[in-house]
Each structure stands twice: as structure tokens, then as C-alpha cells.
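Residues take their numbers from the sequence shown, with the count starting at 1.
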Amino acid sequence: MPTSKKKKNSIIDSSYKFEPGSMMNFQEIKLDVAIRILKNSGLNVSEEEASEILALAHTFAKITIKDFILNQD
């Protein structure tokens with residue numbers, strides 16, 4: 001006999017829609033500044049690579065802030 005799965009009640013979790021930008025403005029550093037910082041750290045990167053690194057750093061910052069705010073008691 002096939003067993004039917006009960007459909008769980010859906011609880012809408014709006015936390016995935018959280019955008020820290022709605023609460024604060026991020027001032028991203030300019031690409032040429034990022035390239036200079038990376039070069040001073042010993043990394044020789046192209047503009048495209050520096051741009052991707054900046055995007056990743058921004059994403060990490062948003063995740064960290066989101067996690068911090070959502071875990072406040």
C-alpha cells in the first residue's frame with residue numbers, strides 16, 4: 001500500500017528576504033582602491049578579479065550582519 005505523506009503546514013520564513021541595505025547603506029570601496037589594497041597585500045589581480053573579490057566581500061558582510069541581527073536576544 002502506498003503511504004501518503006502528510007503535507008506540513010507551511011510557515012513563511014521572511015528572514016531569507018532580509019536585506020541589511022534596508023537598514024543601512026554600505027559604502028563600497030572603489031575598484032582602484034581595492035586593487036591597491038590587494039597589491040599591497042601581495043596579490044596581483046586584474047580589475048575583473050578585484051571586482052569579484054569585492055562582490056564576495058560585500059556578500060560576506062551582508063550575511064554576517066544578517067546573522068548578527070537575527071540572533072539578537
Side-chain angles (χ1 to χ4, degrees):
M1 265 191 280
T3 59
S4 62
K5 294 182 180 179
K6 287 186 179 181
K7 193 173 189 178
K8 293 182 180 180
N9 290 338
S10 294
I11 297 175
I12 299 173
D13 180 10
S14 62
S15 65
Y16 73 93
K17 294 180 183 177
F18 174 81
E19 283 295 324
S22 63
M23 296 170 51
M24 67 189 77
N25 291 324
F26 284 101
Q27 184 176 355
E28 294 184 38
I29 63 173
K30 294 181 180 181
L31 188 57
D32 60 325
V33 174
I35 291 171
R36 187 171 1 112
I37 291 169
L38 291 166
K39 283 184 181 178
N40 290 341
S41 299
L43 297 172
N44 214 4
V45 296
S46 68
E47 284 188 8
E48 183 179 344
E49 291 168 329
S51 178
E52 290 177 16
I53 291 168
L54 281 175
L56 181 63
H58 188 245
T59 299
F60 284 150
K62 287 172 68 175
I63 291 168
T64 301
I65 292 167
K66 174 184 173 183
D67 186 55
F68 178 77
I69 290 172
L70 293 177
N71 289 315
Q72 292 294 307
D73 291 328

Q | Contacts of type side-chain contact (heavy atoms from CB on, under 4.5 Å), residue Ser46, not counting sequence neighbours | A | Glu48, Glu49
**Q.** Closest approach of Leu31 to Ala50 (non-hydrogen atoms, all atoms of both residues)
**A.** CD1-CB, 3.7 Å
Q: List for me each residue that meets side chain to side chain donor-acceptor pair (under 3.5 Å) alongside Asp67, sequence neighbours excluded, and say none if there are none.
A: Asn71
Q: Please write out which residues are connected to Leu56 in a hydrophobic cluster, directly or through intermediates, given that two of Ile, Leu, Val, Met, Phe, Trp, Tyr count as joined at side-chain heavy-atom separations below 4.5 angstrom.
A: Phe60
Q.
With clusters defined by side-chain heavy atoms of hydrophobic residues (ILVMFWY) lying less than 4.5 Å apart, directly or transitively, does Ile53 cluster with Ile35?
A. no
Please output the side-chain donor-acceptor pairs of residues 36-44 that fall under 3.5 Å, not counting sequence neighbours, one pair per line with the distance.
from, atom 1, to, atom 2, distance (Å)
Asn40, ND2, Arg36, O, 3.4
Ser41, OG, Ile37, O, 3.0

